[in-house]
Number of protein chains: 2
Amino acid sequence: MMFAKPVSTFDSPALHRLSRIAPLGDAARDLIALAVREPRRVPMRRELLIEGRAVPEPMLLVSGWAARVRILADGRRQFLSFLLPGDLIGLCRHDRPLAVSTVQTLTDAKVATVPDVDLPELRQAYAASNALEEAYLLAQITRLGRLNALDRICDLMLEIHERLALADLVQGDSFEVPLTQEMLADALGLTPVHINRMLQQARRDGDLEWRGSLVTLLDPAALSHRLGRTPARVTA
Amino acid sequence: MMFAKPVSTFDSPALHRLSRIAPLGDAARDLIALAVREPRRVPMRRELLIEGRAVPEPMLLVSGWAARVRILADGRRQFLSFLLPGDLIGLCRHDRPLAVSTVQTLTDAKVATVPDVDLPELRQAYAASNALEEAYLLAQITRLGRLNALDRICDLMLEIHERLALADLVQGDSFEVPLTQEMLADALGLTPVHINRMLQQARRDGDLEWRGSLVTLLDPAALSHRLGRTPARVTA
DNA sequence: CGGGGAATTGAGGCTTCTCAAGCTTAGTGG
DNA sequence: CCACTAAGCTTGAGAAGCCTCAATTCCCCG
């Protein structure tokens with residue numbers, strides 16, 4: 001069941017992220033690598049968790065994007081956060097937990113069931129991942145509360161850049177963002193029309209390019225500095 | 001050290017909340033009650049946690065209000081969430097954790113150091129408290145992203161009503177809210193001026209009264225229904 | 001009685017929304 | 001290979017919501 005070399009060196013964005021946010025020994029690494037090898041395929045727009053329903057076993061997003069989403073009574077939609085490869089879904093430390101938000105895939109995705117916490121190293125990785133997720137929620141609150149439309153877009157792109165980099169999914173300063181302008185609007189509390197105009201603005205300003213689904217940040221360091229951003233850190 | 005009766009029946013809003021969100025046996029109850037008995041007094045506007053610094057031992061807010069806050073480079077302020085009596089501060093399950101946000105007292109407060117998780121019942125209560133806190137963060141994102149100014153105010157007041165009720169701090173539908181309009185603005189992503197106007201609107205609409213620091217919801221059920229709110233639930 | 005923080009009011013401007021139409025692109029079936 | 005379609009992107013014009021600045025009033029506390 002354990003392939004000393006092959007499994008340990010098996011590489012995937014998800015595994016990459018986890019081993020980067022917390023040091024994983026060989027045992028933990030093998031457990032994750034094994035789980036990642038046989039993911040479940042989930043098509044686009046499918047629900048992985050449903051608000052108010054029981055949370056099943058914890059999952060690891062192996063590839064593709066998902067989002068935590070809330071739908072209002074009148075049909076308005078708010079994306080609460082995006083879930084990227086390597087993110088954990090449905091981790092709970094209490095008994096009989098209920099999902100506090102619906103999670104749905106935004107693209108075709110691969111999802112693995114991960115071992116529940118038994119190994120100290122895994123516990124550590126899960127906890128760090130959890131803390132990071134909280135940090136991103138706080139960043140989202142600040143974006144929505146205090147940034148204007150243009151800065152919201154730029155700030156979110158910087159966050160995605162930072163997160164995808166953890167999973168080794170950034171080349172140069174380019175990365176895939178499978179979001180429509182409408183989805184972006186629902187994440188940033190704006191309308192698609194305004195997103196469109198501000199994206200043009202961002203391009204004119206030389207902050208980013210967006211061709212097809214490939215986003216390129218032209219000078220992430222400068223942009224980061226202009227927005228007063230600091231990368232998320234949860235461990236000393 | 002253990003006073004069988006006195007300690008077990010010692011009552012405080014904080015203890016009330018914890019025993020309500022997760023069933024506490026006598027042992028857990030005594031541990032908390034004991035901690036709550038000798039709280040540390042913290043004056044208004046003091047920092048309990050500082051973003052980026054190491055997180056000290058976990059604390060329980062025994063009385064008073066605090067808030068998680070983020071200050072932008074240009075001085076703008078965003079309150080990320082409010083912490084009410086019975087809320088836990090600085091719970092982390094990974095090693096050498098760094099605070100992801102600053103926490104500061106909004107009023108004079110009492111804070112107790114709580115036992116780190118060793119008892120299953122405590123672990124359960126802490127985890128449930130944590131899950132609730134996450135639920136409130138998600139609610140805050142939805143408020144900022146998709147509600148207009150008036151609805152943001154009403155929705156937040158309903159949330160505070162719900163949370164204070166857990167700690168037995170609501171009488172009828174009235175409760176103390178030690179917030180200035182400026183603080184409310186910084187929580188809801190608005191300006192004090194606009195908060196002022198919308199509060200008047202809410203009063204005219206017969207949704208709430210706000211005299212001194214006492215808020216009264218005139219018909220919480222109807223308001224809740226109008227906003228499409230559902231109370232936070234994290235455990236089946 | 002005076003000082004100071006908080007609440008209130010007014011006027012004008014900017015950001016974002018709404019509604020509505022036209023365009024572009026990728027995928028589909030003839 | 002070419003309509004045809006549907007989803008997504010783009011543009012325009014006008015309206016609404018919220019902000020800014022500035023002044024005034026209220027109220028608590030010393």
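A, B, ... follow the sequence lines: proteins, then strands. Residue 1 opens every chain.
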Inset, instruction - May I have the distance from Leu214(B) (atom CG) to dC28(D) (atom P), rounded to whole angstrom? - result: 14 Å
Legend entry - Cationic N near anionic O, under 4.0 Å, Arg146(A) to Asp151(A): no
Inset, instruction - Remember a base hit wins even if backbone is also touched, and classify Arg146(A) as base, sugar-phosphate or nothing at under 4.0 Å, heavy atoms. - result: nothing
Legend entry - Distance in angstrom units between His194(A) NE2 and dG17(D) P, rounded: 16 Å
Inset, instruction - State whether the side chain of Arg204(B) and the backbone N or O of Leu199(B) hold a donor-acceptor pair below 3.5 Å, judged by distance alone. - result: no
Inset, instruction - Could you please name the option among dA6(C), dT20(D), dT18(C) that lies closest to any side-chain atom of Thr191(A)? - result: dT18(C)
Inset, instruction - Identify whether any heavy atom of Gly212(B) sits under 4.0 Å from a base atom; if not, whether one sits that close to sugar-phosphate; answer base, sugar-phosphate or nothing. - result: nothing
Legend entry - Given dT10(D), dG8(D), dC18(D), the nucleotide with the shortest approach to the side chain of Thr180(A): dG8(D)
Legend entry - Among dT11(D), dT8(C), dT16(C), the one nearest Gln181(B) by side-chain distance: dT8(C)
Legend entry - Shortest side-chain distance from Arg203(B), nucleotide among dC19(D), dT8(C), dT10(D): dT8(C)
Legend entry - First encountered from the 5' end of DNA chain C, between Val193(B) and Gly189(A): Val193(B)
Legend entry - Heavy-atom donor-acceptor pair, Gln78(B) side chain to Asp186(B) backbone, under 3.5 Å: yes
Legend entry - Listed nucleotide nearest any side-chain atom of Glu182(B), set dA6(C), dC19(D), dT8(C): dA6(C)
Inset, instruction - May I ask you to evaluate whether Gln200(A) reaches the phosphate of dC9(D), defined as a side-chain N or O under 4.0 Å from OP1 or OP2? - result: no
Inset, instruction - Select base, sugar-phosphate, or nothing to describe what Leu199(B) touches, counting heavy atoms under 4.0 Å on all strands. - result: nothing
Legend entry - Separation of dC19(D) C1' from Asn148(B) CG (nearest whole Å): 16 Å
Inset, instruction - Decide, yes or no, whether a salt bridge links Glu134(A) with Arg68(B) under the criterion of side-chain N to carboxylate O below 4.0 Å. - result: yes
Inset, instruction - Using atom CG of Leu179(B) as one end and atom P of dG5(C) as the other, report the distance to the nearest whole Å. - result: 19 Å
Inset, instruction - Take atom CE of Met198(A) and atom P of dT11(D), then tell me their distance rounded to the nearest Å. - result: 12 Å
Legend entry - Gln171(B) side, atom CD; Thr216(B) side, atom OG1 - distance, nearest 0.5 Å: 10.5 Å
Inset, instruction - Could you tell me the separation between the CZ atom of Arg211(A) and the C1' atom of dT25(C), rounded to a whole number of Å? - result: 16 Å
Inset, instruction - Mind calculating the distance between CG (Leu147(A)) and P (dT16(C)) to the nearest angstrom? - result: 11 Å
Inset, instruction - Round to a whole Å and report the spacing from CE of Met44(B) to P of dC29(D). - result: 11 Å
Inset, instruction - Assess whether one donor atom and one acceptor atom, taken from the side chain of Arg197(B) and the base of dG17(D), lie less than 3.5 Å apart. - result: no
Inset, instruction - Output the single nucleotide from dT9(C), dC19(D), dC17(C) whose closest atom is nearest the side chain of Asn196(B). - result: dT9(C)
